[in-house]
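On a predicted model such as this, the values are computed, not experimentally measured, just so you know. Each chain gets a letter, A, B and so on, in the order its sequence line appears, and its residues count up from 1.
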2 protein chains.
Amino acid sequence: MISGKFAITIHILTLLTKFPNDYLSSEFIAGSINLNPVLVRKEIANLKAHHIVESKEGKNGGTKLAVDSTKITLKEIFEMTFETINLGYAKNQPNPDCPVGKKINQNLSALYADMNQKVSLQLDGISLEDFSNQF
Amino acid sequence: MISGKFAITIHILTLLTKFPNDYLSSEFIAGSINLNPVLVRKEIANLKAHHIVESKEGKNGGTKLAVDSTKITLKEIFEMTFETINLGYAKNQPNPDCPVGKKINQNLSALYADMNQKVSLQLDGISLEDFSNQF
DNA sequence: TCATACTGTAATAAAATATGTTACAAATGT
DNA sequence: ACATTTGTAACATATTTTATTACAGTATGA
C-alpha cells in the first residue's frame, strides 16, 4: 500500500531531522507534503515498527526521531519502504514448455539482484543527516 | 502503458535471438509469455520504432531481429522501455512555503539520477546475446 | 483470385493498485 | 471536563495496468 512510500518516508524523516527536539503532528507533516494526515500516520506506523521514530498520543502529541540521524542511512530507509528495485516480471505464469518461458523470471531475478546490490551500496553511503543537510 | 514493458520486451527479444532466421508471430510469442497477442504487438511496435526488429505483415508474417544480438545491450533496451528508475516523488505539489517541501523533489531527483547511472553502467555490460545465452 | 493467416491499431472493458476520506475509540495535557 | 492528537478500520475514488474485441490492411499460396 502506497507506492510513493519511500518519498513520503524520506520527507517525514527530513522534517523530523530538522526539528529533532519537537514532537511534530501528522497534520503539520501532512501540510508540508500536501498529503492526507492519515497516510502520514500510516507511514509513521511503519517507522515506529522499525524503532526509527517514537510518537506521543494525546494533546501536544506527535512524532520525533528515536535514532541519531547520522547513524541511519538511506539504505535502511529504502529497505523499510521499498523492498527491492526491479523492472518487472512476467506475471502470467510464462509457458513452462518453452525454454525461455521456463527460466525468464529466474534470469530477471538474478539481473535485478545485481541492480539492488549496486543501489544499496550507493544508498548506504548517504546518512539521513547528509540528505537533510541539502535543505 | 504497460509497466512490465521491460520484462515483456526482454522476453520477446530473447525469443527472437533464439530463432534469428524466422519471423515469429505475435501469437507464438504471446504463447511463451502467456500474454495477450495485442500487447505483444504493442511492444513490438516500440521495438520497430527503434529499429531493433522488423516485421512482415500477411500470411507467414511475423517479427525478427533487425540487429546483431551481440551489438545491443540491456541498457538500450532499458532506455526504450523504462525511462528511469526511481523510488517515487511527492506528487501533490509539496508546500512551497516549507523549506523541505520546496526542495524535496529536486533532491530526490538528484538521488535517483545517481541510481540510474549505476544501473545503466551495469546493464551496458550485458548484451542481448549474453542474456539469451543463459537459457 | 480467393481463402487464410498474419500485422497494426483503435476503442473499450476489466482488474489491480494507489491514494484519499470519514469516522471514531483511546490517550494525554491543561 | 475539554481540546487535541494518535491509531486504525472501513470505505470511496482515482489512476494505472492489463486484457479483450473488432476490424482494416497486407502478403502468401493453393
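- Relative to the axis of its first five pairs, the axis of the last five pairs of the helix from C:dT1-D:dA30 to C:dT30-D:dA1 sits at 10°, rounded to 10 degrees.
- The neighbour count for B:Gln134 CD, taken as heavy atoms of other residues, nucleotides or ligands under 6.0 Å away, is above 12.
- Evaluation of the ring-ring contact (aromatic ring centres under 6.0 Å, His included) rule for A:Phe19 yields no partner, not counting sequence neighbours.
- By the salt bridge (charged side-chain N to carboxylate O under 4.0 Å, His left out) test, B:Glu79 is found to be paired with B:Lys75, residues two or more places apart in sequence or in another chain being considered.
- The distance between atom NZ of A:Lys5 and atom C1' of C:dT19, rounded to the nearest whole Å, is 13 Å.
- Distance OH (A:Tyr23) to C1' (D:dT6): 13 Å, rounded to an integer number of Å.
- Classification of the B:Phe78-B:Phe6 ring pair by plane angle, with boundaries at 30° and 60°, yields perpendicular.
- At whole-Å resolution of the value, CD in A:Glu43 and P in C:dA18 are 12 Å apart.
- Residues satisfying the ring-ring contact (aromatic ring centres under 6.0 Å, His included) test with A:Phe28, not counting sequence neighbours, are none.
- Rounded to an integer number of Å, the gap from B:Lys64 NZ to C:dT7 C1' is 17 Å.
- Taking atom CG of residue A:Asn46 and atom P of nucleotide D:dT8, one finds them 12 Å apart after rounding to whole Å.
- Between the C1' atom of D:dT17 and the CG atom of B:Leu35 lies a distance of 11 Å, rounded to the nearest Å.
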> Could you run down nucleotides 20-30 of chain D 5' to 3' and tag each one B, S or - for protein heavy-atom contact under 4.0 Å?
Replying inline: BB---BBBB--

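- Here C:dG8 presents its P atom at 14 Å from CD of B:Glu27, a figure rounded to the nearest Å.
- A:Ser26 comes within 4.0 angstrom of sugar-phosphate atoms only, judged by non-hydrogen atoms across all strands, and of no base.
- Linking ILVMFWY residues whenever their side-chain heavy atoms come closer than 4.5 Å, directly or via other members, places B:Tyr112 and A:Leu74 in the same cluster.
- Residues meeting the side-chain contact (heavy atoms from CB on, under 4.5 Å) test with A:Gln122, sequence neighbours left out: B:Leu111, B:Asp114, B:Met115, B:Lys118.
- The side-chain heavy atoms of A:Ile52 and A:Ile72, taken from C-beta on, include a pair separated by under 4.5 Å.
- The nearest whole Å value for the distance from the CG atom in A:Leu47 to the P atom in D:dT6 is 14 Å.
- Environment of CD in A:Glu129: crowded, with over 12 heavy atoms of neighbouring residues, nucleotides or ligands closer than 6.0 Å.
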